[in-house]
Every structure is written in C-alpha cells, then in structure tokens.
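See structure below.
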Amino acid sequence: MTEKNLLLIDGNSVAFRSFFALHNSLSRFTNADGLHTNAIYGFNKMLDNILDMFDPTAVLVAFDAGKTTFRTKMFDEYKGGRSKTPPELSEQMPYLRELLTGYGIKSYELPDYEADDIIGTLAREAEDDGYQVTIVTGDRDLTQLTTDQTTVAVTVKGVSEVEEYTPAHVKEKLGITPSQIIDLKGLAGDTSDNYPGVTKVGEKTALKLLDQFESVENLYDHVDELKQSKMKEHLIEDKEAAFLSKKLATINRDAPIKITLDDVQYKGANKDYLIDFYQRMDFQSFLKNMQSDMEPVEKKELKYTELTKDNLSLVQELPKQLAFYLELPDKNYHLSEFAGFAIGTDDSFYVSRNVELLNESVFTQMFNDADYSIDVFDAKRTFVGLNRLGISINNIRYDVLLQSYLLDTNDNSNDLGQLAHEHGYMDIDSDSEVYGTGTKRAIPDDDTILFQHLVRKVHALNILGEKLNDDLKQNEQLELYSSIELPLAIVLAKMEIAGIKVNQDRLHQMQSEFAERLSEIEHDIYQEAGEEFNINSPKQLGVVLFEKMRLPIIKKTKTGYSTAVDVLEKLRGESPIIDNILNYRQIAKIQSTYVEGLLKVIHSSDQKVHTTYLQTLTQTGRLSSIEPNLQNIPIRIEEGKKIRQAFVPSHEGWHILSSDYSQVELRVLAHLTGDKHMQEAFKNDQDIHASTAMRIFGLKDASEVTPNIRRQAKAVNFGIVYGISDYGLSQNIGITRKQAKQFIETYFAEYPGVKNYVDGMVKIAKDQGYVETISHRRRYLPDINSSNFSQRSFAERTAMNTPIQGSAADIIKIAMIKMQNELEKRNLKTKMLLQVHDELIFEVPDNEMTEIKQLVPSVMDSAMKLDVPLKVETSWGNNWYEAK
DNA sequence: TCGATCACG
DNA sequence: ACGTACGTGATCGAG
C-alpha cells in the first residue's frame, strides 16, 4: 500500500517568518523591476526543505482571506493593535502564489476564516481518510492539532529548520495534551493575537492550574474550592474573558471549505514555469539547482573551428553582423596577458589562443569595414586590448556590458557569464566557474574547455545584443546608448591609452621629505602618550586616547571609539597629542596613498600612469577611476596638492590645461526645477551662494554678505543637491537642528520651484519605481516605499540627487565626445587625458595653446542646452599643480 | 574580507 | 522615536 502523506502549510505565517528572517538583507533581495523578493526566497527554501523531508503525496498552502473573520465578530479587537503588514511584504504575496503554481501546489483561502481553520478542517478530513499529516507554520498555536497522525512543524531560526511537535513532544515541553493548548490560551491569553485571558495569569500559572483541573470548564466548576487569593478573585472576575479566549484560540475544524483532498494531490513542479519565474525574480541559485536537477542537461555544446594561419580565410565567409570576444583575463587590461579570442555568429564560430592572428588582414580589414557590425562585451576593454596588438576597430555595434548597465545600473557585472544568466541566457558558465577565483584563478590548459567557454561568450553576445537593444528602445534609452555611452567608451579608451606622465624624481623627493617629518611627529606622539603604539590603528589609538589618557569620548563606532577627524577636532584643546595625530594622519595618507601608491602603478615603459575608468559602476552615471584613482588627487590641503606637481606633460615644452564647469550641479538644479529666482541668478552671472545668502537671510544689499554668511548659504545649496535634512545641515555647519530647519523652510519659500521639484521627484520614484536624468539615464529605487524610515529616507534623497548628479554626468560625457571629435577633426596633437567629474584635463603643445584655450571651454559650455548658461573656467601651467 | 578613515567631485 | 547629508577608491589593521 502506498503511503498517503498530506502537507499543509500556513502561508501567511511562513511568509511572515521568511520576510523577517531575511529582513537584514532586504535590499539585497530585489529583482530588476525593484520588487523585493526576500520572503519569496525564504518561502522557496522552506518548500525545498520540507518537500524533501516529508515527501508528500498531497500539498495545500492555506492563506488568511482578509482582516475580518468570525473571530473578529466575537471579539472586535481580535488581532487588533498589530502593525500592518509592511508594503515590502505585501507586494510579494501575489508572487508567492506564482511560486506555488510553479511547484504545482494548490493554495486556498476562505472568507471569514483564517488559514488555521482551513488547515484544521482539512487535517481532520485527511486523518479520517488514513493520511499522515504534516502542518508547517510559524505559529505555536497550531500545535493543538497534533495527534498520532498529525505532526506540527514549527519553523525556528527563520524558516530553514523546523521543530516537530507530536503529542509526546507537546507533553514534554508543556506538560499538557495538545487539546489543552486552547485551555492554556484561554487562561493566559495571547498578546500577539490581542486577546486577554485572565488578569495576572501567564503561561506558568495557567499550566499549574491545568495540571490540577485539566480544562477551563472543570476549573470553573471547582473554582470555589480554591483557597482565597488574588488569583482566585481574578479568575472569578475574568470568567467571561477566559471562555471567550478559549473560544478564540480554538481552531475551527469544521470550516465550510470547498477544496477536497482530491484537489490537492501533488504531482510535482512545472519546471518551465519555475525557470521563467526564477528568471523574473533573479533567483540565480534556484535556477542553478533546477539546471543540475534537470538530468544531464549539460549546457549546449557549440561547434567551432580552431583558427590557424592556414584556415583564416574561413573568417571571410562569416555574415557581416557578428560577435567578437577578446579574452584579457586580468582586471587591469592595460597589463593583462591575452588568453585568446573567439568570433562568429549563428552556428559558425572560430576561436584561437593566438591573438597574433588578429593582425592578419582578414581581421584588420573587417574591424575597420563599415559594412560590418561587431558586437562585443566591454567596448573599452576590447578597444584597449586590440590597440595593444596594434589593431584598430571602429565598427562596434552592441556592447552588452554597457547595454545591461544602462537598463539597470545594478547589472554591471564584468563577468559575461554571470550577466547573461541575469538576462535569462543560461547556456554559459561564469568566468569564476571556468577560471576559478582568487589565487586559484587561471586560464585552463585544456583547449576544449577554454575554447568552448569563449565560443559560448560569443554566442551569448549574438543573442543578448539584440534583446537588450529592444529593451533599450522600450525605455527610450537608445539615444543614450548610441550617442553617449558607446562613443564615450572609445573616447575613454583613448584617454586611458594616452595616460599621463608622472615625474618619479619629484615623488621620490617628496617621499623622503614626508618620511622624515613622519618620524619626527611619531617621536612626539610616543613622548606624549608615554608609550609606542601603531598610530595607524584606530583601535590602539583609541586605547591610548580614551583609556590611558582619559580624554572624553565624543563618539563611538560599531567596533570601539571613533577617532575620526571631527572627533579629534573637538579634543584639540585637551592635549597637544591631538594636533600631532591629525598632522600625522594627513601626512601618512599622502605618503601611503599618493606618493607610494602612485609610484607603484607607474608603467616603466613610458613613465606614465594609465588609469582604468569604470563606465558601468556608479548608480548615477558618473565615471569612477581605479589603478590609480586619478579622481581623488589632493587639492584642498597645500601639502597634498603638491602631489599634482608630479603630473606633467609627456613632451618637453607642452602644458597641462584644465577646464572645469563652475557649479554645474546647481545650474542643472536651476534647469530641472525651473525655479525663476535661481535661474535669474545664473542668467545674471551672480555669485550663487551670495545670492542664496541674501534670500535666506533677507539681506538687502550684497555688501551685507559676510564670508561666514556665504559659507552657510553654500552649505544649504549643497544640502539641497544632496537631498537635504535638517540634521545633516546642522552637523555640517555646526548650528542647531532647529536653526537648520528654519534655513530649509526659508530656502523653500524663496525657491518654490525647488520645493516642487523635490516633492515631484519623490512622487515619480514612488509611482514608477525609478528616476531619470535629462538623457534618460535610469536609476531604480526599490526602497522608496520601504516601511523602514531610514531606508525610505535614503531612497527619497537619492530620488532628488540622482537626476542632478546624473544629468551633470550626461553633460560632461557629451562634452568629452565632442571634444575628442574636434581634436581629431582638426588634426590637433593635444590630448584629453583625464576627467574629474566636472573637469577635463589636457596636455597641449605650445603651438596649439591659443586654439585650445578657446576651443575647450566653447565645446564644454555648449555640450547641452539648458535654461541657464553653463560656465567654464580654464587654467594651465607646466604641471597639474600649476593648472589651477 | 570588512570597517574605519580620508582623499576627491 | 527613528537616524541621516549625494557619488566614489585606496590604505590600513584586525578578525
């Protein structure tokens, strides 16, 4: 006889448990549409575990139907006072149903009844029919249903483990039978369901009473026999409440359910449905399990031909639209070895380890033939790689990395395999699977492994390029892709290749100067502390300052005392050691990060540094710069600023020229908000901070704007751009929160357009789930409806900041493309070298200086037409330090 | 690998 | 009552 096993799941309870179990990682669990998925994920984990453990022949998930039930009719405060379900959980409920559909599991709800009642009723029917029943829930109340045939599995530690209650286990834990659970609840009540029980009687007392009297009814039959006590009075007084509570706790095992055991027979999952569902949820690990589950469904083996010098002509037979992948395995592609390449489309693929083949005319012609269009992954990387081989390419069509990033700034993995999976293309492994990670990372010796992987990449590009292009079109982002990001990739490649010359002698000179000063200060600090310790260790420093020297503790971090600058500044008067530490920190920073750090990354071949710009990293559309980061070279403090003297032109007699946008972000703000007052200030070329100062402090004349007042107004302007809060502003300029609040209110009254914009952006983010820049760059903000104040506030500030910072990024990107075009069109030797968010840096031969001084600002200020003028300031000198 | 710190816009 | 300014990267010490 086959065993009959029924699995009943309390849907709401398990969803709730899953949600809170993964609440800390809430923001990690969102899919591409910004939907939270943590509860769905947790529920899925639980399902996998439970199905595996109990191997059921029938399954049902019961849900609560709504707020009101027959219990609320008996007692209208039943489950009252519960905080309402967080929106991040509610939004997941419909998808939970889809998950169940995928598993081939029925779900059911019944108006006026709770999930418990459905479970109780069906469990009774199943027992009568000879089933073994397992009930899964997060709610211990359901243990009242345990019998010899029915086990109640209560989730513990989130939902990954369960505690199984049998009648024996209930007895062991509480000393009562399952049917007495309701008596227990009757006497003790239940705070989470908000019913009272008897005053002053909790679980302990209730159990004692039940041990003696067995049931509520019997207790009250003999209540007179109790000796006089406060408890006896309470019992008598709350008799009604006790009976009501018992009734409320009793699960209805006779609910009018319209679902039968026949309806819930379990026949297994619908794998196609689940795969589609997992893709939509971005559940990579479940997808993978499916795959490994699904027999030996190996990834498709693609046919390919290994290229050699002798069969190169085969490449000429390829269609004119194809994909090409050049493998530079190291992150730093300026120095990486070449592992090989693959090219092809449809079912013709060619592959080789020998990148020298690319120098053959078949390829060099193909890459510069306008009739061809080549799809790649990371155009900038490909361009730089080919350039190192002496090859140019000018017909790239789709860059799947860029496309993917523009569609969703979070999809920016540099691993094509991983990214393909995120877009639903599964016939490929990730680099980490094929090459390994960390120190074990290596290119496989086995040709078939490497070649198959490279060919799969090319095939993935064939499929994804077209698909993502359609998606971009849908988002109105085609223009952003083809007129800004793709051309920019090439411009950036050329800047990286150009590199910037570094004067090593100057750095070495600074290195010994700083070393000397550091050892002097170090000596003083040890004297003052009375011991030697590692000044660079915040932990050791904390002990010295706050334990040994007993200085007042201003702020703490998660791990101990804070020793950050703002804290030390407040301690300045306490001891001369503070000034020395601040000084030491400053110089140590310059020494380690800039002098020594920079020396480490100079290419010995040309005495230059070649940074790598990350074009697909930031959430706003800005670039970032690594190895080395040339976007944070010191400028604010003179000692650090001297580092810039080491950045020099690559030719004798040339100059470094720098042009920067003046207050772009505020100009963008004036444009986006349409605020008349703000626009007026820019149109009249006024000092914007002084103008703001006059408005918020109600000054009549510009002469009344003192430096301090201007400084405060400047902070307010910055605050507006960052998404202001009174607390943030008060911290920044050292005023009270109340004053800060007053400033902000006055500001909004003076600039009503700004106020409208701020509110409008938050609303847009709430309605559509994302915000956009002027060029339709998009940022999704899944936390905008969060019930967590802090997360929600952060999303709100981002909603207003991103269009500003992002539009400013759009503007300079356009300027860079135009600038590079002009330089090439005019055959100038001047090279664009660096971009620092609102600033472009060039090296210029003397005979081009006059032209460039005029050209750069005119290209930059006409990059985009705004409702206010853009302003550009230019300076130049013998090195970067002088160009300021 | 992570948190604290500090460099930039 | 919450607990915050927006966007980055490199270095260090410590687990």
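Below, chains carry the letters A, B, ... as their sequence lines are ordered, and counting in each starts from 1. Values below: every heavy atom of this structure, side chains too, minus hydrogens, waters and symmetry copies.
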Using a heavy-atom cut-off of under 4.0 Å over every strand shown, decide if [X] touches base, sugar-phosphate, or nothing.
X	answer
A:G597	sugar-phosphate
A:Q540	sugar-phosphate
A:N632	base
A:I635	sugar-phosphate
A:S562	sugar-phosphate
A:A795	nothing
A:V836	sugar-phosphate
A:I804	nothing
A:S793	nothing
A:E627	sugar-phosphate
A:N788	nothing
A:I626	sugar-phosphate

Legend entry - Donor-acceptor pair under 3.5 Å, A:R779 side chain vs C:dG7 base: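 By the distance-only test, no, there is no pair.
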
Inset, instruction - Answer with yes or no whether A:Q805 presents, from its side chain, a donor or acceptor under 3.5 Å of a partner atom in the base of C:dC6. - result: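 Pair found.
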
For the pair made of [atom1] in [X] and [atom2] in [N], what is the distance, rounded to whole Å?
X	N	atom1	atom2	result
A:E665	C:dG7	CD	P	11 Å
A:L541	B:dG3	CG	C1'	16 Å
A:F789	C:dA1	CZ	C1'	9 Å
A:L623	C:dC6	CG	P	21 Å
A:Q591	B:dT5	CD	C1'	17 Å
A:K539	C:dC12	NZ	C1'	14 Å
A:F533	C:dA14	CZ	P	12 Å
A:Q615	C:dT8	CD	C1'	16 Å

If you only use heavy atoms from C-beta on, which nucleotide in [options] is closest to the side chain of [X]?
X	options	value
A:Y594	C:dG7, B:dA7, C:dT4	B:dA7
A:L729	C:dG7, B:dT5, C:dA5	C:dA5
A:I724	C:dA5, B:dA7, B:dG9	C:dA5
A:P634	C:dG3, B:dT5, B:dA7	B:dA7
A:R622	B:dG9, C:dT4, B:dA4	B:dG9
A:N536	C:dG9, B:dC6, C:dG13	C:dG13
A:N629	B:dC6, C:dC6, C:dG9	C:dG9
A:T559	C:dC6, B:dA4, C:dT11	B:dA4

Contact under 4.0 Å: [X] side-chain N or O vs [N] OP1/OP2:
X	N	result
A:T620	C:dT8	no
A:S537	C:dA14	yes
A:N732	C:dA5	no
A:R797	C:dA5	no
A:R636	B:dC8	yes
A:S624	C:dG9	yes
A:S790	C:dG3	no
A:T563	B:dT5	yes
A:S625	C:dA10	no

Inset, instruction - Sort out for me which residue in A:E485, A:E772, A:Q477 forms a side-chain hydrogen bond (donor to acceptor under 3.5 Å, both in side chains) with A:R777. - result: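 Among the candidates, only A:E485 passes.
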
Legend entry - Mate of C:dT11 where both pairing distances stay under 3.5 Å, Watson-Crick or G-U: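 Its partner is B:dA4.
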
Legend entry - Opposite nucleotide pairing with C:dA1, Watson-Crick or G-U, both atom distances under 3.5 Å: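 Here C:dA1 is not engaged in any pair, so there is no nucleotide opposite it.
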
Inset, instruction - Using the P atom as the reference point in each nucleotide, state the distance between C:dA5 and B:dT5 in Å, no decimals. - result: 14 Å

Inset, instruction - Provide the distance between the two P atoms, one in B:dG3 and one in C:dT4, to the nearest whole Å. - result: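 That atom pair is separated by 15 Å.
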
Legend entry - Between A:D330 and A:N332, a side-chain donor and acceptor under 3.5 Å: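 There is no such pair between these side chains.
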
Legend entry - Pair A:E882-A:Q645, side-chain donor/acceptor within less than 3.5 Å: no

Inset, instruction - Taking the six-membered ring for Trp and the full ring for Phe, Tyr or His, determine whether the centres of A:Y757 and A:F748 are under 6.0 Å apart. - result: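 Aromatic pair excluded; centres sit 6.0 Å or further apart.
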
Legend entry - Mutual orientation of the aromatic rings belonging to A:F718 and A:H689 [parallel < 30°, tilted 30-60°, perpendicular > 60°]: parallel

Inset, instruction - Describe, in one word, how the ring planes of A:W880 and A:F647 are oriented to each other, choosing from parallel (under 30°), tilted (30 to 60°) and perpendicular (over 60°). - result: perpendicular

Inset, instruction - Using the six-membered ring for Trp and the full ring for Phe, Tyr or His, decide whether A:F794 stacks on the six-membered base ring of C:dT4 (centres under 5.5 Å, planes under 30°). - result: no

Legend entry - Row check, A:Y333 ring normal vs A:R381 NZ/CZ: under 6.0 Å, within 45°: no

Inset, instruction - Could you tell me which non-hydrogen atom of A:M800 sits nearest to which non-hydrogen atom of A:I720, and how far apart they are? - result: CE-O, 3.0 Å

Inset, instruction - For residues A:S432 and A:D415, report the shortest heavy-atom separation together with the two atoms involved. - result: N-OD2, 3.5 Å

